[in-house]
Amino acid sequence: MHPEKCTVWCGLYAGGIIGPYFFKDAVGRNVTVNGDRYRSMLTYFLLPKMEELNLVDMENFGEQFISRNGPVSWPPRSCDLTPLDYFLWGYVKSKVYRNKPATIPALEYNISEEIRAIPAEMLEKVAQNWAFRMDHLRRSRGQHINEIIFKK
């Protein structure tokens, strides 16, 4: 009834991209994200990868979490502030379908390859742009950032 899909997670920092991580069940079938699967990805994929990359300056909240219903409120979603939304997913999506992958494994392969192919200089510019956006928000006390997003 519904076409098969894949759910992918990546982390982005000035030095590179962590991932992709494809959400799958114990037998390798694609699954959607829920709290347990996300927590498992954080515990068994992200935290070991951060340690491997020596990303000691990133924050680890231990057993705490940030969510809409958790002990720490998550700010309203703004795709204008999230580099994964305003850069990575659009960029990767514009590339992964070029050879029209016919299977989910082919799509996952394309996603992995395109993410690995992103030049470090591009990620540095994304990080600079993100810092610029954050600085604007700080100066404007959270006002809209139209002049950044819709530059002439």
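In this chain, residues are counted from 1 in sequence order. These figures come from a predicted structure and were not determined experimentally.
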Practice problem: Over all heavy atoms of both residues, which pair between Pro48 and Thr43 is shortest? Give the atoms and the distance, please. | Solution: CD-O, 3.2 Å

Quiz item: With a 4.5 Å limit on heavy-atom distance, are the side chains of Phe22 and Ser112 in contact?
Solution: yes

Quiz item: Of the non-hydrogen atoms in Tyr86 and Val126, which two are nearest, and what is the gap between them?
Solution: OH-O, 3.5 Å

Quiz item: Should we count CD of Glu113 as having more than 12 external heavy atoms under 6.0 Å?
Solution: yes

Practice problem: Test Arg37 against Asp25 for side-chain contact (heavy atoms from CB on, under 4.5 Å), laying out the working first. | Solution: CA-CA 9 Å; Arg37 291 176 184 140; Asp25 65 12; 5.5 Å; no

Exercise. If the plane angle is over 60° it's perpendicular, under 30° parallel, otherwise tilted; pick one for Tyr91 and Phe87.
Key: parallel

Quiz item: Just how far is it from atom CG of Leu47 to atom CG of Leu55, taken to the nearest 0.5 Å?
Solution: 11.0 Å

Quiz item: Is there side-chain contact between Val92 and Val8, with heavy atoms separated by less than 4.5 Å?
Solution: no

Quiz item: So, do Glu108 and Ile104 sit near enough that their side-chain heavy atoms are less than 4.5 Å apart?
Solution: yes

Quiz item: Is there side-chain contact between Met41 and Leu46, with at least one heavy-atom pair below 4.5 Å?
Solution: yes

Quiz item: Is there side-chain contact between Thr7 and Asn30, with heavy atoms separated by less than 4.5 Å?
Solution: no

Quiz prompt | Leu88 and Ile118, any side-chain heavy atoms less than 4.5 Å apart | solution = yes

Quiz item: Quick one: do Tyr109 and Ile17 end up in the same hydrophobic cluster if we chain Ile, Leu, Val, Met, Phe, Trp and Tyr together by side-chain heavy atoms under 4.5 Å apart?
Solution: no

Exercise. Might you point out which heavy atoms bring Val96 and Pro101 nearest each other, and give the distance in Å?
Key: O-CD, 3.5 Å

Quiz item: Taking the inter-plane angle between the rings of Phe45 and Trp9 on a 0 to 90° scale, is it parallel (under 30°), tilted (30 to 60°) or perpendicular (over 60°)?
Solution: perpendicular

Self-check item: Heavy-atom pair of closest approach, residues Leu107 and Tyr97
Solution: CD1-CE2, 3.8 Å

Practice problem: Starting at CD of Glu114, measure out to NZ of Lys93 and round the result to the nearest 0.5 Å. | Solution: 14.5 Å

Exercise. State, with a plain yes or no, whether a side-chain heavy atom of Trp89 is found less than 4.5 Å away from one of Leu84.
Key: yes

Quiz item: Got more than 12 heavy atoms from elsewhere within 6.0 Å of NZ, Lys24?
Solution: yes

Quiz prompt | Leu42 side, atom CG; Lys49 side, atom NZ - distance, nearest 0.5 Å | solution = 15.0 Å

Exercise. Give the cluster check for Tyr44 versus Tyr38: same hydrophobic cluster or not, with ILVMFWY residues linked at side-chain heavy-atom distances below 4.5 Å.
Key: no

